[in-house]
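Here's the structure we're looking at; comments come further down.
Every chain is numbered from 1, with letters handed out A, B, ... down the list of sequences. Side-chain atoms are counted along with the backbone in the values below, which use heavy atoms only and exclude waters and symmetry mates.
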Protein chains: 2
Amino acid sequence: MARAATTSDAFNAVAEPRRRAILNYIALEERPVGEIVDSLGLGQPSVSKHLRVLLRVGLVNVRRDGRRMLYRTNAQAIRPLHEWTSTFERYWRHQLSRVKERAERKNNPSNDGGPEFTSRRKNDLDSSKN
Amino acid sequence: MARAATTSDAFNAVAEPRRRAILNYIALEERPVGEIVDSLGLGQPSVSKHLRVLLRVGLVNVRRDGRRMLYRTNAQAIRPLHEWTSTFERYWRHQLSRVKERAERKNNPSNDGGPEFTSRRKNDLDSSKN
DNA sequence: ACATTACATTCCCATATGGGCATATGTCAA
DNA sequence: TTGACATATGCCCATATGGGAATGTAATGT
């Protein structure tokens with residue numbers, strides 16, 4: 001099998017740089033396809049296809065206005081991604097503090113008995129199934 | 001051209017469900033490849049390949065321990081994703097409040113003169129280049 | 001040096017895209 | 001109804017994967 005279909009979820013949808021660009025562009029206000037095409041300098045069919053993908057995963061909403069289709073980012077659909085990344089927040093904080101300690105130790109060579117930080121040993125944390 | 005290479009950035013890397021699973025699994029503590037294989041029920045070559053991708057974009061770190069390779073999630077590399085999703089936080093909050101208003105209006109039919117929320121009109125916000 | 005363990009790579013193949021072009025659709029203006 | 005606009009789709013092609021099997025490689029034990 002190949003990669004999971006791009007249309008399957010928000011994670012795949014935002015993996016495309018242009019789709020992120022589109023989401024950023026229409027986050028504030030709904031816009032017709034043509035404006036997106038002009039602003040981002042992409043082909044019209046290309047933009048329509050990207051919008052279709054974004055629509056499928058719920059990342060954008062559409063509304064018809066005459067012959068134009070007004071798209072707008074549906075920010076709520078981005079929450080799952082935000083939440084997933086948030087679960088790592090505590091980790092990068094720990095890691096940052098360790099980096100900080102190392103830096104300080106370097107400036108002040110006196111051994112302050114701080115914890116080790118480079119190449120952690122095993123068993124310093126519970127390893128039961130995530 | 002086809003999709004941008006998966007190895008190009010964190011967004012593409014985490015688009016793969018298994019890679020996210022791996023990141024979750026080794027977020028707390030470094031683990032040898034074999035353990036990841038057993039725990040996630042994936043093929044060994046497959047896991048090695050995913051780890052290689054994650055390593056390239058900096059989402060994991062490695063350390064050799066005898067014949068084993070201990071991988072661990074480098075949470076900091078996830079910050080960019082977290083920050084990107086955060087830029088939409090204010091939007092989904094607005095959207096949520098609008099949904100809330102609609103719900104309240106529905107329960108209390110008296111027109112409170114609140115703002116429109118369904119199908120916004122054009123020009124209600126500056127539309128200059130993002 | 002040889003067998004074993006733990007991973008990393010390489011090959012091959014089916015499939016998912018993404019872009020550009022041409023064309024089908026839907027809508028509004030005469 | 002005909003013509004012009006604004007989008008959406010279909011088609012074709014080059015390319016990027018991802019998985020599984022087989023094989024290469026590094027490190028350990030005897």
Whole-Å distance separating the CG atom of B:D9 from the C1' atom of D:dA16: 14 Å
Distance, rounded to the nearest Å, where B:D65 contributes CG and C:dT5 contributes P: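 Whole-Å distance recorded here is 17 Å.
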Degree of bending, the helix from C:dA1-D:dT30 to C:dA30-D:dT1 (end axes from five pairs; round to 10°): 20°
Restricting both atoms to N or O, compile the protein contacts to nucleotides 5-7 of chain D shorter than 3.5 Å, with distance only.
unit_1, atom_1, unit_2, atom_2, d
D:dC5, O4', A:R67, NH1, 2.7
D:dT7, OP1, A:V33, N, 3.2
D:dT7, OP2, A:G34, N, 2.8

Side-chain N,O ([X]) to OP1/OP2 ([N]) below 4.0 Å:
X	N	answer
A:R19	C:dG18	yes
A:H50	C:dG19	yes
A:R52	D:dT9	yes
B:S46	D:dG19	yes

Holding to side chain to side chain contact (heavy atoms under 4.5 Å, CB included), I want the full list of residues that pass it with [X], two or more places apart in sequence or in another chain.
X	answer
B:P45	none
B:Q44	B:V37, B:S48
B:S46	B:H50
B:R67	none

Qualifying residues under salt bridge (charged side-chain N to carboxylate O under 4.0 Å, His left out), relative to A:R79, sequence neighbours excluded: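 Partners of A:R79 by the salt bridge (charged side-chain N to carboxylate O under 4.0 Å, His left out) criterion, ordered by chain and then number, come out as A:E83.
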Test side chain to side chain donor-acceptor pair (under 3.5 Å) applied to B:W84 - qualifying residues, sequence neighbours left out: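 Once residues adjacent in sequence are excluded, the partners of B:W84 under the side chain to side chain donor-acceptor pair (under 3.5 Å) criterion are A:N24.
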Qualifying residues under side chain to side chain donor-acceptor pair (under 3.5 Å), relative to B:R93, sequence neighbours excluded: B:E89
Closest nucleotide among D:dG18, C:dA22, D:dA21 to the B:K49 side chain: D:dA21
Upstream residue (5' side of DNA chain C) when A:G43 and A:G66 are each assigned their closest nucleotide: A:G43
Any donor-acceptor pair under 3.5 Å from A:R64 side chain to A:M69 backbone: no
